[in-house]
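Order of appearance sets the numbers: ligands from 1, and atoms from 1 within every ligand. Quick note: residue numbers are just sequence positions, from 1.
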Amino acid sequence: MKIQKLSKHFVFLLFFSCLLQACKSEETVTPIPKPIGTINPDTIVKKDSTGLRNVSPFPFGAAINISTLKSSTIYRSTVIREFNSLTPENVMKMKNISLGRGQYFWDDADYLIAFAQANKIRVHGHTLVWYNSTPAWITNFTGTTDDWKAILHEYILAVVGRYKGKIQSWDVLNEALNDDGTFRDCVWLQHIGIGYIDLCYQYAHEADPNVLLFYNDYGTEYSTAKRTALNNLVADLKSRNVPIDGIGLQMHININRPNSTIQTAITTAAQTGLKIHISEFDVDVNYQKLATLTYNTTLAAAQKDKYKITTKAFFDLPASQRYGFTFWGVYDSQSWLSTATVPDWPLPFDNDFNKKDAYYGILEGLK
Ligand code: G3I
């Protein structure tokens, strides 16, 4: 009888301690975070006020103009609300950073990185080597092939090294191909030879083994020769284990660019298996450069269609290859295509930061 009573107690104690244990382990389960703020269904990048929740199928970004970033509150707030990736339009180009051998100007690039970090925005570096951004001290440099390799090495190590862990990807090489598919002439080609291309990627990888390395160019939507040359270049680099992760298709198009050519440019580049970045998207409305042209509903509709089909063609890629979609600017008058005498309207925001029809074309392309 006594033994029976004791075992009843024991069973009860055992049950109670198991219950206690279960409650304790439930306490240690990480609670599901409650969303803070609301997600705006009408924005291309859907993030809440913490900047953390992002349910876009891929990152959207913009080329950032440093002086406007420093001076305009509405520009800053638009960038924070609308984008989760940014590309420096100019401040990370060699001409802007490299003042002389071993002498660098970092202030603007540092400012941009700090802004991106504070707002949880990815940074795509642009660009390490571009024939069109070679400082005079390099153009005038004299030395042996090894001396030229040394200055290239020093520069890439300094820049990629400084932003290691802060920049997720780089346009290592920009526009190294001509439209006919041949290699473009530049000081690096002249003094190092075609091997300069391998070196750019190897040096960047040496400086930051985790950063993604891109080749960036324009015109594969209108030049078959360039499209083929680009895929051949990538295949060649890959066959020799030169580190390359992605292709940037600049995609500076105009309202009359046939849809099929945009789709072909994207699907052909994707055949390499690399990540694809629509890296400098804009749709030129006034490509005939008419000083008197005004923006009207017909032009806006044609532009919206190009925004929509390009977004859709990109969205159709396998998710693992969709690196991001970047506009080359934020609002129209700031675009490299707009001048004081010839207006243009290539971007998703007008000059008052209102969303244009083009913007809604992107949303439609994502459906
Ligand atoms: O900031 C100076 C200013 O101080 C000076 O008074 C003024 C006088 O011209 O120049 C200003 O710098 C200009 C800079 O844009 C900022 O507006 C440069 O001269 C001008 O050359 C520079 O143009 C940039 C161009 O690349 C050359 O670097 C454009 O903004 C930029 O949109 C354009 O971007 C390129 C991509 O990097 C590569 N793909 C093509 C794309 C369009 O050309």
Side-chain angles (χ1 to χ4, degrees), residues 61-72 75 79 83 85-99 105-112 123-136 138-139 155 159 167 169-179 184 186-188 200 213-223 226 230 246-254 257 265 269 276-287 289 310 323-349 351:
I64 299 300
N65 176 295
I66 197 70
S67 21
T68 318
L69 186 70
K70 286 179 177 172
S71 60
S72 164
Y75 181 82
V79 170
F83 303 113
S85 178
L86 63 82
T87 303
E89 184 174 7
N90 289 309
V91 299
M92 287 185 193
K93 289 172 179 168
M94 197 186 271
K95 242 185 194 172
N96 297 57
I97 285 188
S98 179
L99 305 180
F105 174 69
W106 302 117
D107 294 3
D108 285 345
D110 285 357
Y111 184 96
L112 192 134
V123 180
H124 175 73
H126 174 84
T127 171
L128 295 174
V129 176
W130 182 24
Y131 78 94
N132 197 25
S133 189
T134 314
I138 292 185
T139 312
Y155 178 76
V159 180
I167 283 190
S169 48
W170 272 104
D171 286 333
V172 175
L173 188 55
N174 196 43
E175 301 172 10
L177 292 167
N178 292 309
D179 282 359
R184 192 192 285 276
C186 70
V187 288
W188 308 106
C200 292
L213 306 179
F214 281 68
Y215 173 80
N216 194 49
D217 216 325
Y218 65 87
T220 56
E221 65 283 359
Y222 62 74
S223 167
K226 197 169 192 175
L230 173 48
I247 295 174
L249 300 176
Q250 295 184 9
M251 207 57 84
H252 294 291
I253 58 172
N254 68 55
R257 163 82 13 227
I276 305 298
H277 182 199
I278 304 299
S279 56
E280 304 186 12
F281 188 71
D282 48 25
V283 180
D284 197 348
V285 175
N286 192 6
Y287 62 97
K289 307 289 170 212
T310 312
Y323 189 65
F325 197 111
T326 299
F327 308 101
W328 205 241
V330 178
Y331 63 97
D332 284 336
S333 66
Q334 198 187 41
S335 163
W336 67 294
L337 294 166
S338 306
T339 67
T341 48
V342 180
D344 211 333
W345 306 269
L347 293 167
F349 291 89
N351 296 339

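Between Thr310 and Ile253, the closest side-chain pair of non-hydrogen atoms falls below 4.5 Å. Ile66 is not listed as a side-chain neighbour of Met92, based on a closest heavy-atom distance of 4.5 Å or more. Under the 4.5 Å side-chain criterion, counting only non-hydrogen atoms from C-beta, Thr127 is not in contact with Glu175. Leu337 is not listed as a side-chain neighbour of Trp328, based on a closest heavy-atom distance of 4.5 Å or more.
Scanning the protein for heavy atoms near atom 15 (O) of ligand 1, the closest one is Asn90 ND2, 3.5 Å.
Nearest residue to atom 39 (N) of ligand 1 from His126, Gln334, Glu280, Met94 is Glu280 (criterion: closest heavy atom). Around atom 32 (O) of ligand 1, the closest heavy atom drawn from Glu89, Glu175, Met92, Lys93 belongs to Glu89.
Taking a cut-off of under 4.0 Å to the non-hydrogen atoms of Gln250, the atoms of ligand 1 that pass are 39 (N), 40 (C).
Proximity of Thr127 to ligand 1, defined as any heavy-atom pair under 4.0 Å, is not found for any part of the residue. Under 4.0 angstrom from ligand 1, there are no non-hydrogen atoms of Lys95. Residue contacts with ligand 1, taken as heavy atom pairs separated by less than 4.0 Å, do not involve Asn65 at all.
Below 3.5 Å of separation, one finds no N or O of Asn174 facing any N or O of ligand 1. An N or O contact shorter than 3.5 Å links Trp328 to ligand 1 by distance.
Atom 43 (O) of ligand 1 lies below 4.0 Å from at least one non-hydrogen atom of the protein. For atom 2 (C) of ligand 1, no protein heavy-atom neighbour is found at a distance under 4.0 Å.
Each of Phe83, Phe214, Trp170 was evaluated against His124; a single residue qualifies, Phe214, per the ring pair (Phe, Tyr, Trp, His ring centres under 6.0 Å) test. With Glu280 as reference, Asn216 is the one residue of Thr326, Thr87, Asn216 to meet the side-chain hydrogen bond (donor to acceptor under 3.5 Å, both in side chains) rule.
Closest approach of Ser279 to Gly248, counting heavy atoms only: OG-C, 3.7 Å.
A heavy-atom separation below 4.0 Å is not found between Tyr218 and ligand 1.
Put simply, the side chain of Ser72 gets close to the backbone of Tyr75: a donor and an acceptor are under 3.5 Å apart.
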